[in-house]
Amino acid sequence: MLWLLAAGTVGAALWLLMPSSEGNLAQNQPVKVALASVDPAPMVSASYFPPGEAAGLDRMKISSQTWRRGGLGSKALVTFTVRNDNDYAVKDVEIVCAFTRRNGSHLTDRSRVISDMVGIKSRKTFARIPIGFVNVNAEQAKCSLVTARRA
């Protein structure tokens, strides 16, 4: 058994002392890099949205919200009510929640897209939606709407 260990050690030492092969050596010649050109995308007006795409957030709001910890205290579970006063239903509602310490200093932001639909001129409550991992020092959360799509 000792002879096998000794032979393995000698073999490893000889392998480390061998010179590198031609394929493993770095070339000293400069490398030429070709840059690709990209045509700029056509400009689209910020107020233009194809039909059925973006919904206006001016007539939508979060009317109530609470949060609690879940997942052994590391995940935030948010309960909130989205109010839709638009003349069309919305879906894919994205929210962002800002978590702060007790003194009000900012800790982290977490976002989530809810693919459920909120009907025309109605409200819908989403209960215990997992938003993501939060800092153990988080005491307060403030959620707001970011985007939504017409259904």
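The stretch residues 108-145 participates, sequence neighbours left out, in these ring pair (Phe, Tyr, Trp, His ring centres under 6.0 Å) pairs: Phe80-Phe126. The disulfide (SG to SG under 2.5 Å) analysis of residues 93-148, with sequence neighbours excluded, yields the pairs Cys97-Cys143.
Defined by atom type and a distance below 3.5 Å, a donor-acceptor pair is present between the side-chain atoms of Thr108 and Arg110. Using modelled atom types, one finds a donor on one side chain and an acceptor on the other under 3.5 Å when comparing Thr81 with Thr125.
Not counting sequence neighbours, Asp58 has no partner by the side-chain hydrogen bond (donor to acceptor under 3.5 Å, both in side chains) test. Qualifying side-chain contact (heavy atoms from CB on, under 4.5 Å) partners for Lys121, counting only residues two or more places apart in sequence or in other chains: Arg59, Asp87. Take Arg123 and apply the side-chain hydrogen bond (donor to acceptor under 3.5 Å, both in side chains) test, not counting sequence neighbours, and it matches no residue. Every residue two or more places apart in sequence or in another chain that forms a salt bridge (charged side-chain N to carboxylate O under 4.0 Å, His left out) with Asp116 is listed here: Lys124.
Residues Val96 and Ser111 share a closest heavy-atom pair of CG2-CB, 3.7 Å. What you find for Asn137 and Leu107 is that their closest heavy atoms are C-CD1, 3.6 Å. Smallest separation of non-hydrogen atoms from Arg69 and Ala138: NH2-O, 2.8 Å. Between Lys91 and Arg150, the shortest heavy-atom distance links the atoms CE-O, 3.9 Å. Ala148 and Val90 get closest at one heavy-atom pair: CB-CB, 4.3 Å.
Counting only distance, with no hydrogens or angles, the side chain of Arg112 and the backbone of Pro130 share a donor-acceptor pair below 3.5 Å. Although no hydrogens or angles enter the test, the distance criterion places no donor-acceptor pair under 3.5 Å between the side chain of Thr100 and the main chain of His106. Not a single donor-acceptor pair under 3.5 Å links the side chain of Asn86 to the backbone N or O of Tyr88.
For the pair Ile129/Thr79, no side-chain contact is recorded, criterion being any heavy-atom separation below 4.5 Å from C-beta on. A 4.5 Å side-chain heavy-atom check between Val113 and Val93 finds every atom pair outside the cut-off.
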Between Ile114 and Ile95, does the side chain to side chain contact (heavy atoms under 4.5 Å, CB included) criterion hold? Intermediate values first, please.
CA-CA 8 Å; Ile114 294 97; Ile95 63 166; 4.2 Å; yes
Please test Gln140 against Arg101 for side chain to side chain contact (heavy atoms under 4.5 Å, CB included), starting from the C-alpha separation and ending with a verdict.
CA-CA 7 Å; Gln140 300 170 354; Arg101 289 185 174 94; over 6 Å; no
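Residues Met117 and Leu57 fall into different hydrophobic clusters, defined by Ile, Leu, Val, Met, Phe, Trp and Tyr side chains chained together at heavy-atom separations under 4.5 Å.
The structure places OG of Ser144 at 9.5 Å from CD of Glu94, a figure rounded to the nearest 0.5 Å. Taken from CZ in Arg128 to CD1 in Ile131, the straight-line distance is 14.0 Å, to the nearest 0.5 Å. With values rounded to the nearest 0.5 angstrom, Ser64 atom OG is found 11.0 Å from Arg83 atom CZ. Atom CD1 of residue Ile120 and atom CG of residue Asp85 lie 12.5 Å apart, to the nearest 0.5 angstrom.
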